[in-house]
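Below: one structure, written as structure tokens.
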Amino acid sequence: MSFIIALLSLLLRLTSAASPPPLRPGYYSESCPEAESVVREVLRQAMARETRSAASVMRLQFHDCLVNGCDGSLLLDDTAKMVGEKLALSNINSLRSYEVVDEIKEALEIVCPNVVSCADILIIAARDAVLLSGGPNWEVKLGRKDSLTASQEASNDIMPSPRANASSLITLFTKFNLSVKDLVALSGSHSIGKARCFSIVFRLYNQSGTGRPDPSIDPDYREKLDGLCPLGGDEEVTGDLDSTPEIFDNWYFKDLVNGRGFLNSDETLFTFDETRVYVKMFSESESEFFEAFVEGMIKLGDLQSGFPGEIRRSCRAVNGRPVEEVLVATKR
């Protein structure tokens with residue numbers, strides 16, 4: 001603990017007068033012009049092996065950026081002196097496809113060594129996961145550095161639970177200058193992918209401690225979920241987050257309108273007045289959803305800690321130099 005306190009103190013001293021450099025499109029146009037195409041091709045290959053990789057990789061941006069900005073801290077493995085974010089409550093047994101990021105990094109290190117940050121890889125890969133799943137394309141702003149440390153505690157303090165309601169989600173997103181519309185649009189990331197029974201058994205059998213199911217669940221859908229996730233069953237079994245779990249579209253919102261949201265944090269967006277208007281809007285217009293989603297992803301990607309960083313050679317570990325030496329080098 002004393003090491004972490006000393007490190008954070010050093011970070012704050014070195015960054016007190018600094019601001020992060022501006023992010024911009026085409027950041028690697030000269031230093032690594034193939035960067036974005038390499039990321040897309042490796043992700044395409046991963047999706048050919050397992051389509052779910054798209055959703056898993058996209059989620060990494062959310063879990064990285066909301067904790068001290070988009071700095072790749074999520075990707076750091078624990079060390080003897082640091083307990084990172086991978087085992088945080090919202091991440092353990094939930095986040096996956098770290099190996100896809102490793103493959104992307106390895107491919108980039110062959111093409112242009114020590115140029116593309118792991119933090120930027122997450123931003124590019126999230127965009128490509130959406131695009132390769134049938135969703136919109138957009139220009140990403142790049143130029144991030146990779147963090148020199150990570151904190152499980154910081155992740156636990158920020159990341160919402162699958163049990164979260166719309167009111168608490170609005171409060172969280174407001175802290176990052178993300179609007180209610182941003183919240184609903186970005187929740188549309190659940191247009192692709194799966195989630196575990198662990199995340200919904202309380203909805204099915206003991207919502208809010210009542211001993212009864214969530215009354216907002218469509219009865220036919222609840223019967224289907226009861227079969228998938230029986231009380232006392234295997235909570236690691238996964239279910240689809242919407243009716244088209246491999247296609248990025250607006251069916252997620254149509255499902256919410258029909259009481260067929262998988263997670264409590266999804267269905268609450270329709271049962272809560274302030275968010276319902278956007279759920280209905282996006283359920284009726286896929287183009288409105290796509291436009292709002294892109295805007296939200298760009299705003300999410302703009303979150304930065306301002307701390308110094310580096311370009312990691314491996315996304316799982318800081319480079320070989322002592323952390324204090326790296327921090328001083330970033331100020332030169």
Side-chain angles (χ1 to χ4, degrees), residues 52 55-56 59 62-63 66 88-95 156 158-174 178 180-247 249-284 289 293:
R52 189 183 172 193
S56 301
R59 285 187 67 198
F62 286 81
H63 287 244
L66 290 179
L89 295 175
S90 291
N91 302 339
I92 187 172
N93 296 326
S94 178
L95 294 186
N156 286 338
I158 289 293
M159 294 307 300
S161 160
R163 302 187 181 198
N165 59 35
S167 179
S168 64
L169 291 171
I170 289 171
T171 299
L172 171 63
F173 273 58
T174 299
L178 294 167
V180 175
K181 186 177 183 180
D182 293 327
L183 162 63
V184 179
L186 290 173
S187 296
S189 63
H190 287 173
S191 170
I192 54 175
K194 297 175 179 288
R196 295 178 297 156
C197 288
F198 170 82
S199 300
I200 67 164
V201 287
F202 74 97
R203 290 191 73 204
L204 298 177
Y205 306 107
N206 191 27
Q207 177 76 330
S208 302
T210 62
R212 300 180 60 81
D214 181 352
S216 70
I217 306 176
D218 170 75
D220 290 339
Y221 185 56
R222 188 179 70 237
E223 184 176 348
K224 175 183 177 181
L225 294 180
D226 286 345
L228 179 71
C229 308
L231 187 62
D234 183 357
E235 295 187 351
E236 296 304 308
V237 170
T238 58
D240 298 336
L241 285 171
D242 82 345
S243 297
T244 57
E246 295 183 356
I247 303 172
D249 54 21
N250 69 333
W251 262 102
Y252 165 81
F253 297 103
K254 294 179 181 180
D255 284 340
L256 298 189
V257 171
N258 293 320
R260 299 173 70 86
F262 190 81
L263 300 175
N264 190 77
S265 55
D266 291 331
E267 193 60 47
T268 185
L269 299 176
F270 185 68
T271 58
F272 193 71
D273 289 343
E274 197 171 347
T275 48
R276 182 186 298 118
V277 60
Y278 295 112
V279 172
K280 294 180 70 174
M281 176 193 299
F282 298 150
S283 73
E284 295 166 0
F289 164 48
F293 182 81

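The chain is numbered in sequence order, starting from 1.
Within a 6.0 Å radius of NZ in K280, other residues, nucleotides and ligands contribute 12 heavy atoms or fewer. Other residues, nucleotides and ligands contribute more than 12 heavy atoms inside 6.0 Å of the CD atom of E235.
A pairwise comparison of heavy atoms in E267 and S216 identifies CG-OG, 3.5 Å as the closest pair. Closest of all the heavy-atom pairs between P160 and L169 is CB-CD2, 3.7 Å. Across every non-hydrogen atom of Y221 and D240, the tightest pair is OH-O, 4.2 Å. Contact record, P230 with G227: CD-O, 3.7 Å, taken as the closest heavy-atom pair. The shortest non-hydrogen separation linking L269 to T275 is O-OG1, 2.7 Å. The shortest non-hydrogen separation linking P213 to R222 is CB-CD, 3.5 Å.
Contact annotation: the side chain of L66 approaches that of M159 to within less than 4.5 Å [non-hydrogen atoms, C-beta and beyond]. Side-chain contact check for L183 versus L178: every heavy-atom pair is 4.5 Å or farther apart. Counting heavy atoms from C-beta outward, H63 and S94 have side chains that stay 4.5 Å or more apart.
A perpendicular orientation is assigned to the rings of F289 and F253, their planes being inclined by more than 60° (bins at 30° and 60°).
With 3.5 Å as the limit, one finds a donor-acceptor pair spanning the side chains of D266 and Y252. Checked by atom type, the side-chain pair D255/S243 shows a donor-acceptor distance below 3.5 Å.
For T238, there are no side-chain hydrogen bond (donor to acceptor under 3.5 Å, both in side chains) partners, not counting sequence neighbours. Applying the side-chain contact (heavy atoms from CB on, under 4.5 Å) criterion to N156, with sequence neighbours excluded, gives A88, L89, Q152. Under the side-chain contact (heavy atoms from CB on, under 4.5 Å) criterion, E274 pairs with I170, V180, F272, sequence neighbours left out. With sequence neighbours excluded, no residue forms a salt bridge (Lys or Arg N to Asp or Glu O under 4.0 Å) with R52. Remark: M281 pairs with Y278, E288 by the side-chain contact (heavy atoms from CB on, under 4.5 Å) rule, at least two apart or across chains.
Side chain of D249 to backbone of W251: a donor-acceptor contact under 3.5 angstrom is found. Under the 3.5 Å distance criterion, the side-chain polar atoms of T268 are left unmatched by any main-chain donor or acceptor of S265.
Atom CG in D273 sits 11.5 Å away from atom OG in S167 (nearest 0.5 Å).
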Atom pairs and distances, side-chain donor-acceptor, residues 201-208, under 3.5 Å, sequence neighbours left out:
{"from": "R203", "atom 1": "NE", "to": "D214", "atom 2": "OD2", "distance (Å)": "3.2"}
{"from": "R203", "atom 1": "NH1", "to": "G261", "atom 2": "O", "distance (Å)": "2.8"}
{"from": "R203", "atom 1": "NH1", "to": "F262", "atom 2": "O", "distance (Å)": "2.9"}
{"from": "R203", "atom 1": "NH2", "to": "D214", "atom 2": "OD2", "distance (Å)": "3.0"}
{"from": "Y205", "atom 1": "OH", "to": "C229", "atom 2": "O", "distance (Å)": "2.8"}
{"from": "Y205", "atom 1": "OH", "to": "L231", "atom 2": "N", "distance (Å)": "3.3"}
{"from": "N206", "atom 1": "OD1", "to": "T210", "atom 2": "N", "distance (Å)": "3.3"}
{"from": "N206", "atom 1": "OD1", "to": "G211", "atom 2": "N", "distance (Å)": "2.7"}
{"from": "Q207", "atom 1": "NE2", "to": "D214", "atom 2": "OD2", "distance (Å)": "3.3"}
{"from": "Q207", "atom 1": "NE2", "to": "N264", "atom 2": "OD1", "distance (Å)": "3.0"}

